[in-house]
A.B. asks: 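Mind having a look at this structure? Questions to follow.
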Amino acid sequence: MANHTTRLRELLAAPEILVAPGAYDGAGARLVRELGFRAIYLSGFQTSASLLGQPDVGYLTSTQMEARVAVFAEVSGLPLIADADTGYGNPLNVRRTVRAYERAGAAALHIEDQTFPKRCGHMLGRHVVARDDMIQKIKAAVDARDDPDFVIIARTDARTTLGLDEAIDRGLAYHEAGADLLFVESPETEDEMRRICGAFRGVVPVLSNQIEGGRTPQLAAGELEEMGYALAVFSLGAGFAAAAGMRDYLRSLAATGRARPALTFDEFNTLIGLDEHDALETRYKT
């Protein structure tokens, strides 16, 4: 996937913002590609919800996420930016995680400075490790990658409990440790978002995590670009839409005893690649 890592760096260096939607499942990953997006995001929150039916509070394992990375990277054919939570342990675990994500086909990952068990970055009750502990994780991540273009993203959750100044200071320290891109999680006003972009402008690109109903203001991609963000991940909206669609379908079925699907059988088979499969089957038929 070396081409994907190089392509991602090109997209991040471009003057226009890169928008990477989060996909809820493999069918969603195909839709991201079909609708013309240039990158895709894999969320630990969405993986915990879709795979385990559990909240994003540390239940998900590295092995489960690695398998998801492999599926989404192959199905989407796009540069994949993947959530790696806290790196799943100490700096040595971080080294293993980076190598596993690279092998699985990711173009980038982000690790965060939360304590374990971690929580979604828009939930309260999060705490962060000592700054120096996170710095060592970032150094381990940088040292571990085989492909120098593989993007290491450092996320800090310090804003919620320690304030924005501490979050910005941590971001600078994490960049000095080797992080290629910074992710200051859950700023709470547009002014805070502008302060973040201003602090790192010309130094290192920054990411905005857009979550419907989360702690950060909901803005359009163009507004985020004007602020100075290089990357916007719309991480959970597709999952919310999938859950709402399933709930509506099941409510109707429970109330009326009659199915009212949003897609037909043939439409969904087309979405998940049956036509491609049939073409290959014909090609290799004896």
A.B. asks: Examine distances only and state if a side-chain atom of Gln64 and a backbone atom of Thr61 form a donor-acceptor pair shorter than 3.5 Å.
C.D. replies: yes

A.B. asks: For Asp56 and Lys118, what are the C-alpha separation, side-chain angles and deciding distance, and is it a salt bridge (Lys or Arg N to Asp or Glu O under 4.0 Å)?
C.D. replies: CA-CA 8 Å; Asp56 184 17; Lys118 56 89 63 192; 3.1 Å; yes

A.B. asks: What pairs meet the salt bridge (charged side-chain N to carboxylate O under 4.0 Å, His left out) rule with one or both residues in residues 246-267, with sequence neighbours excluded?
C.D. replies: none

A.B. asks: Under 3.5 Å, is there a donor on one side chain and an acceptor on the other for Ser235 and Ser43?
C.D. replies: no

A.B. asks: So Ser76 and Val32, do their side chains get closer than 4.5 Å, heavy atoms only?
C.D. replies: no

A.B. asks: Determine the interplanar angle of the Phe240 and Phe45 rings, folded into 0 to 90°, and report it as parallel if under 30°, tilted if 30 to 60°, perpendicular if over 60°.
C.D. replies: perpendicular

A.B. asks: Determine whether the side chains of Thr63 and Glu66 contain a donor N or O and an acceptor N or O closer than 3.5 Å.
C.D. replies: no

A.B. asks: Would Leu80 end up clustered with Phe150 when hydrophobic side chains under 4.5 Å apart are linked, directly or stepwise?
C.D. replies: yes

A.B. asks: With a 4.5 Å limit on heavy-atom distance, are the side chains of His4 and Leu78 in contact?
C.D. replies: no

A.B. asks: Output the distance between atom CD (Glu34) and atom OG1 (Thr270), rounded to the nearest 0.5 Å.
C.D. replies: 9.5 Å

A.B. asks: What residues, two or more places apart in sequence or in another chain, satisfy salt bridge (charged side-chain N to carboxylate O under 4.0 Å, His left out) together with Glu16?
C.D. replies: Arg38

A.B. asks: State plainly whether the residues Asp146 and Arg103 are in salt-bridge range, i.e. N to O under 4.0 Å.
C.D. replies: no

A.B. asks: Taking atom OH of Tyr229 and atom CZ of Arg201, what is their separation to the nearest 0.5 Å?
C.D. replies: 10.5 Å

A.B. asks: List the atom of Pro217, the atom of Pro187, and the distance in Å for their closest heavy-atom pair.
C.D. replies: CD-O, 3.8 Å

A.B. asks: Are the side chains of Leu12 and Leu18 in contact, using a 4.5 Å heavy-atom criterion?
C.D. replies: yes

A.B. asks: Quick one: closest heavy-atom pair of Asp83 and Tyr88, and the distance?
C.D. replies: O-OH, 4.2 Å

A.B. asks: Answer whether the closest heavy-atom distance between the side chains of Val128 and Thr115 falls below 4.5 Å.
C.D. replies: no

A.B. asks: Count I, L, V, M, F, W, Y as connected when their side-chain heavy atoms are under 4.5 Å apart, and connections chain through other members. Are Val75 and Leu271 then in the same cluster?
C.D. replies: no

A.B. asks: Are side-chain heavy atoms of Ile81 and Leu109 found at a separation under 4.5 Å?
C.D. replies: no

A.B. asks: Enumerate the residue pairs fulfilling side-chain hydrogen bond (donor to acceptor under 3.5 Å, both in side chains) with a member in residues 214-224, sequence neighbours excluded, ordered by first and then second residue.
C.D. replies: Glu188-Arg215, Gln210-Gln218

A.B. asks: Treating Ile, Leu, Val, Met, Phe, Trp and Tyr as nodes and any side-chain heavy-atom pair under 4.5 angstrom as an edge, say whether Leu207 and Leu172 lie in one connected cluster.
C.D. replies: no

A.B. asks: Does a donor on one side chain and an acceptor on the other come within less than 3.5 Å for Asp113 and Thr156?
C.D. replies: yes

A.B. asks: With the side chain counted from C-beta on, respond yes when Ser208 and Met227 share a heavy-atom pair under 4.5 Å apart, and no when they do not.
C.D. replies: no

A.B. asks: Are the charged groups of Arg159 and Glu166 less than 4.0 angstrom apart, N to O?
C.D. replies: no

A.B. asks: Could Asp165 and Arg195 be called an ion pair, given the rule that one side-chain N must be under 4.0 Å from one carboxylate O?
C.D. replies: yes

A.B. asks: Determine the minimum heavy-atom distance between Leu8 and Ala108, stating which atoms define it.
C.D. replies: CD2-CB, 3.6 Å

A.B. asks: How would you list, by chain and number, every residue that makes a salt bridge (charged side-chain N to carboxylate O under 4.0 Å, His left out) with Asp157, sequence neighbours excluded?
C.D. replies: Arg126, Arg155

A.B. asks: Which residues pass the salt bridge (charged side-chain N to carboxylate O under 4.0 Å, His left out) test with Arg119, not counting sequence neighbours?
C.D. replies: none

A.B. asks: Assess the residue pair Lys285 and Asp278 against the criterion (salt bridge (Lys or Arg N to Asp or Glu O under 4.0 Å)); give the C-alpha distance rounded to whole Å, side-chain angles, the decisive distance to 0.1 Å, and a yes or no.
C.D. replies: CA-CA 10 Å; Lys285 189 175 183 179; Asp278 286 346; over 6 Å; no

A.B. asks: Quick one: does His110's side chain get under 4.5 Å of Leu181's, heavy atoms only?
C.D. replies: no

A.B. asks: Could you report the tightest heavy-atom contact between Ile17 and Glu225, atom names first, then the distance?
C.D. replies: N-OE1, 3.0 Å

A.B. asks: Between Lys137 and Glu112, does the salt bridge (Lys or Arg N to Asp or Glu O under 4.0 Å) criterion hold? Intermediate values first, please.
C.D. replies: CA-CA 9 Å; Lys137 286 189 177 187; Glu112 64 206 39; over 6 Å; no

A.B. asks: Which pair of non-hydrogen atoms, one from Thr97 and one from Ala84, has the smallest distance, and what is that distance?
C.D. replies: CG2-CB, 4.0 Å

A.B. asks: Any chain of hydrophobic side-chain contacts (each under 4.5 Å) joining Leu35 to Leu236?
C.D. replies: yes

A.B. asks: Is the closest side-chain heavy-atom distance between Ile111 and Met134 below 4.5 Å?
C.D. replies: yes

A.B. asks: Sequence neighbours excluded, which residues qualify as salt bridge (charged side-chain N to carboxylate O under 4.0 Å, His left out) partners of Arg99?
C.D. replies: none

A.B. asks: Is there a donor-acceptor contact under 3.5 Å linking the side chains of Asp147 and Thr5?
C.D. replies: yes

A.B. asks: Taking a hydrophobic cluster as the set of Ile, Leu, Val, Met, Phe, Trp and Tyr residues connected by side-chain heavy atoms closer than 4.5 Å, whether directly or through intermediates, do Ile138 and Val94 fall within one such cluster?
C.D. replies: yes

A.B. asks: If you look at every heavy atom in Ala242 and Tyr24, which pair is closest and at what distance?
C.D. replies: CB-CD2, 3.7 Å

